[in-house]
Amino acid sequence: MNVVTRFAPSPTGYLHIGGARTALFNWLFARHHAGTYLLRIEDTDKARSTDDAIAAIYDGLQWLGLAGDQPAVSQSAQSARHVEVANALVAAGAAYQCFLSAEELTSIREASKNSGDTVRSPWRDRGPSEAQLGKSFVVRMKMPSDGSTTIKDAVQGNVTVQNKVLDDMVILRADGTPTYMLAVVVDDHDMGITHVIRGDDHLNNAFRQYMVYKSMGWQEPVFAHIPLIHGSDGTKLSKRHGALSVGAYRDMGFLSDAMFSYLLRLGWSSGDKDIISRDNAVRLFDLDRIGKSPARFDNDKLRDINANYIKQMDSHSLFELIAKHFTASSDAAQQRILYMLPLLKERAKTHLDIAESVSYLIVDGPIDMDADAAVLLTNETKDILLDLNKALTFAKWDLEGLKVVINTFLEEKDLKMRDIGLPLRAAITGKKQSPSIIEIMVALGRSETNTRLQMACKLL
RNA sequence: GUCCCGUUCGUCUAGUGGUUUAGGACACCGCCCUUUCACGGCGGCAACACCGGUUCAAAUCCGGUACGGGAUGCCA
């Protein structure tokens, strides 16, 4: 079978984490089966849909490498077709016109809540001859009142509901526009979707939609309802959990591949593997490896995965990433950063961590001194550092050369590296923490190191 | 209320009736490495929601309870 999947977001906001993972699973399943992955914008609710949201969704998908194989279909553009199907459904007796007023509906709902019975419109049993001409109506599906329906869900297994609990959903609004419940079925059918992979908040809807397939004599797709992603406290992901949009994670410095890898492992697994490349994911992905319980979003784990990807990056790619976040004052500064990058990336969770920590490599001449670093430079330590600076005059300026000179200096002064390491770092970087200070001296070069030691150690 | 789904360390998960003293990863703690912070190495803490049943044997199968989630919209 030629597999066709789709990701069908409603454009009411940015692409959020949950949507991104749904897109990912659809993309992966299609790729695994050498099928097609399509995009559809579910904008049947015109009031809530915006162009900005559509752009943001495309942007997020693009970043994750989950753009559709064909231009996205706009659901609202298909409304004539949806209406046509609705009319066919009415003609076949599978749907009916309902003239219930808002008040009547409310009281029926009220009554059904008390009795436990499903909401039913009296109009489902009235013939077309009783239609109230000129009055507005909606079109509802006529759900069977007995028997049961079983859906073989690829993730949830066999799920059965009694048909009598299915409500007569509205498929055409009073203004004649189609609802999502109808549009989703018609579009999935027309687009030849073979596998509907979506959030399990749609599991109940699947039974209602199933009736449309049956009434139209259409083959229903394979359903795969995947559990939603929850926040760290186990509740539905919402604003108070912090960032939700894919774009926000990109802005926080997370790599596309890391996000891809993390999202993949949220609810899906392949043995013990934690970090899975795109290629391997395509090769390994399968619906029956998707878990049935909701996963919580864990920022620490994401950061760890991202750190792994950062470590694997080559220096030049990494430099391009971080270079957007500062302006190097000279070519020399660029060379210093390139030299230090292998060391810097070992200690970073995101490339932003690196960009924020290299101020001492960017500038030439005097550097900004952090307060906690400044206190390490007492008059006593300044004297020692100035002496060291003199001793450095004839050092061979590479890692080994510097080590030799510094060790000799320490022996002569009867000191240990721990006695001068911190002040030396403070004087040269203006910081209390950094990678190996000797490596930094190598990166900075002789004259820049001398300058900084002299500037920082001027006695007051 | 009714219907549907779920429940293994704090978190993501491995586990598909005996291979399990329930494994890995993140987080946390300790030790080592070390000029600092990290990284890395080693070690530690820590889970089958509960109650019954089936079976020689159950985290795994069945039933119930509890808790969580979803649906019950002229939203998607």
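Each chain gets a letter, A, B and so on, in the order the sequences are listed, and its residues count up from 1.
- Rounded to whole Å, the separation between the P atoms of B:U65 and B:G6 comes to 16 Å.
- Rounded to whole Å, the C1' atom of B:U20 lies 30 Å from the corresponding atom of B:G40.
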Might you list the N or O atoms of the protein lying below 3.5 Å from N or O atoms in nucleotides 18-22 of chain B, with each pair's distance?
none

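- Put simply, A:R109 has a side-chain N or O that comes within less than 4.0 Å of OP1 or OP2 on B:C74.
- Between A:R173 and the phosphate of B:C75, there is a side-chain N or O to OP1/OP2 separation shorter than 4.0 Å.
- With sequence neighbours left out, the salt bridge (Lys or Arg N to Asp or Glu O under 4.0 Å) criterion links A:R40 to A:E42, A:D187, A:D188.
- Note: A:F223 and A:Y213 have perpendicular aromatic rings, judged against thresholds of 30 and 60 degrees for the angle between ring planes.
- Between B:U34 and B:C39, the distance separating the two C1' atoms is 11 Å to the nearest Å.
- Ring pair A:F285/A:F25 is tilted by interplanar angle, where 30° to 60° counts as tilted.
- When the side-chain nitrogen and oxygen atoms of A:R265 are compared with OP1 and OP2 of B:U13, none of them lie within a distance under 4.0 Å.
- When each of A:V165 and A:A348 is assigned the nucleotide of RNA chain B with its nearest heavy atom, A:V165 is the one assigned upstream, toward the 5' end.
- For an aromatic pair to be called close, the ring centres must be under 6.0 Å apart, and A:F137 with A:Y96 fails this.
- Close to B:G6, at under 4.0 Å from its OP1 or OP2, lies a side-chain N or O of A:K292.
- Electrostatic pairing of A:K432 and A:D372 does not count as a salt bridge here, judged by no charged N lying under 4.0 Å from a carboxylate O.
- With sequence neighbours excluded, the residues satisfying side chain to side chain donor-acceptor pair (under 3.5 Å) with A:T177 are A:R173, A:D175.
- For A:S434, no side-chain nitrogen or oxygen approaches OP1 or OP2 of B:U36 to under 4.0 Å.
- In this structure, A:R6 is not positioned above the aromatic face of A:Y37 in the sense of NZ or CZ being under 6.0 Å from the six-membered ring centre and within 45° of the axis.
- For the pair A:R289 and A:V119, nearest-nucleotide mapping onto RNA chain B gives the more 5' position to A:R289.
- Looking only at atom types and distance, the side chain of A:T118 has no donor-acceptor partner in the side chain of A:K164 under 3.5 Å away.
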Atom pairs under 3.5 Å, N or O on each side, protein against nucleotides 66-70 of chain B: can you list them with distances?
residue : atom : partner : partner atom : Å
B:G70   : N2   : A:N204  : OD1          : 3.4
B:G70   : N2   : A:N204  : ND2          : 3.3

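- Looking at A:R208, its side chain never comes within 3.5 Å of a backbone N or O of A:M143 through a donor-acceptor pair.
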Using atom names, set out every protein N or O paired with an N or O of nucleotides 26-32 of chain B below 3.5 Å, distance rounded to 0.1 Å.
residue : atom : partner : partner atom : Å
B:C26   : O4'  : A:K301  : NZ           : 3.4
B:C26   : O2'  : A:K301  : N            : 3.4

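- Around atom CG of A:D368, no more than 12 heavy atoms belonging to other residues, nucleotides or ligands sit under 6.0 Å away.
- Taking 4.0 Å as the cut-off between side-chain N and carboxylate O, A:E400 and A:K396 do not count as a salt-bridged pair.
- Put simply, A:S269 has a side-chain N or O that comes within less than 4.0 Å of OP1 or OP2 on B:A14.
- Of the C1' atoms belonging to B:A25 and B:A46, the separation is 14 Å, rounded to the nearest Å.
- Ring geometry for A:Y262 versus A:F297: interplanar angle over 60°, hence perpendicular rather than tilted (30 to 60°).
- Between A:I17 atom CD1 and A:L302 atom CG the span is 7.5 Å, to the nearest 0.5 Å.
- Among the heavy atoms of the strands lying under 4.0 Å from A:K432 is at least one base atom, whether or not backbone atoms are also near.
- Using Watson-Crick or G-U wobble geometry with both donor-acceptor distances under 3.5 Å, B:C50 finds its partner in B:G64.
- A:S145 places a side-chain heavy atom less than 4.5 Å from the side chain of A:R124.
- Residues from residues 148-162 of chain A placing a heavy atom under 4.0 Å of any atom in RNA chain B, listed by number, are A:Q156, A:V159, A:T160, A:V161.
- Looking at heavy-atom distances under 4.0 Å, A:L266 makes contact with sugar-phosphate atoms alone, never a base.
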